[in-house]
Asker: 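Let me begin by handing over the structure; questions about it come next.
By convention here, the first residue in the shown sequence is residue 1. Whatever order the structure lists ligands and atoms in, that order sets their numbers, starting from 1.
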Amino acid sequence: MRKTRVAILISGGGSNMIALVRAMLADPEHPAEPVLVLSNDPRAKGLELAAELGVPTAAVDHRPFKGDRAAFEAEMMAPLRASGAELLCLAGFMRVLTTGFIETWQGRMLNIHPSILPLFTGLHTHARALEAGMAVHGCTVHEVTPELDAGPILGQAVIPVRPEDSPETLAARLLPVEHLLYPAVLRRFVSGDRRKLALLRAEEPAS
Ligand code: GAR
């Protein structure tokens with residue numbers, strides 16, 4: 001079976017990356033395979049974890065490219081091309097990409113964002129959901145388009161907000177739900193299924 005070659009871009013811990021890699025490696029019939037984990041931070045913990053899972057890794061430090069995103073991205077294209085990646089999954093990749101890079105990968109780049117988009121694009125999503133008085137919070141997997149966090153939605157999962165929640169507890173309860181949503185959406189996307197996936201019972205409210 002010919003598998004779609006997937007590169008995963010990370011900046012830190014890489015727990016979503018691990019969930020994606022494990023899902024692809026666990027099933028011989030999976031239509032995708034991980035060919036590269038790429039980080040903008042050479043010290044990202046996720047790089048070690050990916051290597052432990054047998055996935056090739058690369059790092060392109062963004063810091064020497066200060067102010068020149070296009071040059072940073074050109075440097076990232078080298079390992080991406082060498083890996084033969086056909087699809088990019090952003091998984092906690094915390095650099096804003098240029099329109100040029102996004103257009104190169106448009107229709108072939110996914111992202112997971114920790115909010116129910118289109119609510120709370122950008123940063124500090126958990127704190128902002130709490131400040132807004134939301135009863136539910138969640139995460140979204142979407143296609144990446146030049147407008148930040150605004151590409152077509154492919155799947156969403158929700159969790160209840162509890163009265164005692166802080167941004168930290170909310171983030172901690174959401175992360176395992178992200179790990180369910182992202183691999184499920186990736187599998188559907190690679191199979192050509194563009195129906196939106198809704199995970200509504202990923203976590204039951206406390207009784
Ligand atoms: C995840 O919560 C992901 O949704 C978020 O960063 C975290 C990365 O965790 N992404 C964004 O905020 C993107 N704007 P991980 O490195 O353990 O997967």
Side-chain angles (χ1 to χ4, degrees), residues 6-25 34 36-53 55 57-60 62 69 73 76 88-99 101-102 105 109-132 134 136-159 161 165-186 189 197 199 202-203:
V6 176
I8 306 170
L9 272 57
I10 65 168
S11 295
S15 70
N16 276 290
M17 175 275 295
I18 295 289
L20 292 171
V21 167
R22 285 211 174 114
M24 286 186 268
L25 296 183
L36 179 69
V37 171
L38 176 60
S39 174
N40 64 295
D41 179 354
R43 293 158 311 170
K45 179 81 186 148
L47 288 174
E48 283 167 43
L49 301 173
E52 280 167 23
L53 288 170
V55 183
T57 62
V60 177
H62 67 275
R69 288 184 197 277
E73 291 165 351
M76 287 205 301
L88 300 192
C89 287
L90 307 185
F93 184 70
M94 303 307 276
R95 306 303 302 167
V96 172
L97 296 165
T98 65
T99 298
F101 185 87
I102 291 170
W105 291 95
M109 177 155 49
L110 309 184
N111 180 44
I112 187 156
H113 182 75
S115 79
I116 305 171
L117 290 173
L119 295 173
F120 315 127
T121 60
L123 298 174
H124 310 302
T125 58
H126 313 298
R128 287 159 63 207
L130 285 175
E131 277 161 25
M134 298 288 291
V136 290
H137 186 42
C139 50
T140 303
V141 177
H142 63 95
E143 280 185 53
V144 178
T145 57
E147 194 183 342
L148 185 70
D149 299 329
I153 290 169
L154 298 166
Q156 294 186 307
V158 293
I159 61 170
V161 176
D165 265 327
S166 64
E168 291 73 27
T169 62
L170 209 44
R173 286 213 323 290
L174 186 60
L175 202 54
V177 176
E178 296 186 34
H179 301 162
L180 297 175
L181 181 71
Y182 207 174
V185 171
L186 172 66
F189 188 84
L197 177 63
L199 297 185
E203 188 206 64

Asker: Between Thr125 and Ser115 (side chain of the first, backbone of the second, donor and acceptor by atom type, cut-off under 3.5 Å), is there such a pair?
Answerer: no
Asker: To check your reading of the model: name the closest protein heavy atom to atom 11 (C) of ligand 1, its residue, and the distance in Å.
Answerer: Pro114 CD, 3.5 Å
Asker: Is Leu20 close to Val6 at the side-chain level, that is, under 4.5 Å between some pair of heavy atoms?
Answerer: no
Asker: Give the residue, atom name and distance (to 0.1 Å) of the protein heavy atom nearest atom 17 (O) of ligand 1.
Answerer: Ser15 OG, 2.6 Å
Asker: Would a 4.5 Å heavy-atom cut-off, applied to side chains only, mark Met24 and Leu186 as touching?
Answerer: yes
Asker: Out of Ile18, Ile10, Asn16, whose heavy atom is nearest to atom 9 (O) of ligand 1?
Answerer: Asn16
Asker: Could you list the donor-acceptor pairs under 3.5 angstrom formed by side chains in residues 144-156, with sequence neighbours left out?
Answerer:
{"unit_1": "Thr145", "atom_1": "OG1", "unit_2": "Gly151", "atom_2": "N", "d": "3.4"}
{"unit_1": "Asp149", "atom_1": "OD2", "unit_2": "His113", "atom_2": "ND1", "d": "3.4"}
{"unit_1": "Asp149", "atom_1": "OD2", "unit_2": "Gly122", "atom_2": "N", "d": "2.8"}
{"unit_1": "Gln156", "atom_1": "NE2", "unit_2": "Leu117", "atom_2": "O", "d": "2.9"}
{"unit_1": "Gln156", "atom_1": "NE2", "unit_2": "Thr140", "atom_2": "OG1", "d": "2.9"}

Asker: Give the atom numbers and elements of ligand 1 that come within less than 4.0 Å of a heavy atom of His113.
Answerer: 14 (N)
Asker: Is any N or O atom of Asn111, backbone or side chain, closer than 3.5 Å to an N or O atom of ligand 1?
Answerer: no
Asker: So does Met94 get a backbone contact from the side chain of Ser11, meaning a donor-acceptor N/O pair under 3.5 Å?
Answerer: yes
Asker: What atoms of ligand 1 come closer than 4.0 angstrom to any heavy atom of Gly13?
Answerer: 16 (O)
Asker: Can you list the ligand 1 atoms lying under 4.0 Å from a non-hydrogen atom of Glu178?
Answerer: 1 (C), 2 (O), 3 (C), 4 (O)
Asker: Sequence neighbours left out, what passes side chain to side chain contact (heavy atoms under 4.5 Å, CB included) with Ala171? Give chain and number order.
Answerer: His126
Asker: Considering both backbone and side-chain atoms of Asp149, is one of its nitrogen or oxygen atoms within less than 3.5 Å of a nitrogen or oxygen in ligand 1?
Answerer: no
Asker: Can you pull out the closest protein heavy atom to atom 7 (C) of ligand 1? Residue, atom name and distance to 0.1 Å, please.
Answerer: Gly92 CA, 4.3 Å
Asker: Can you tell me if Gly14 has a non-hydrogen atom under 4.0 Å from ligand 1?
Answerer: yes
Asker: For the side chain of Arg173 and the backbone of Val161, is there at least one donor-acceptor N/O pair under 3.5 Å apart?
Answerer: no
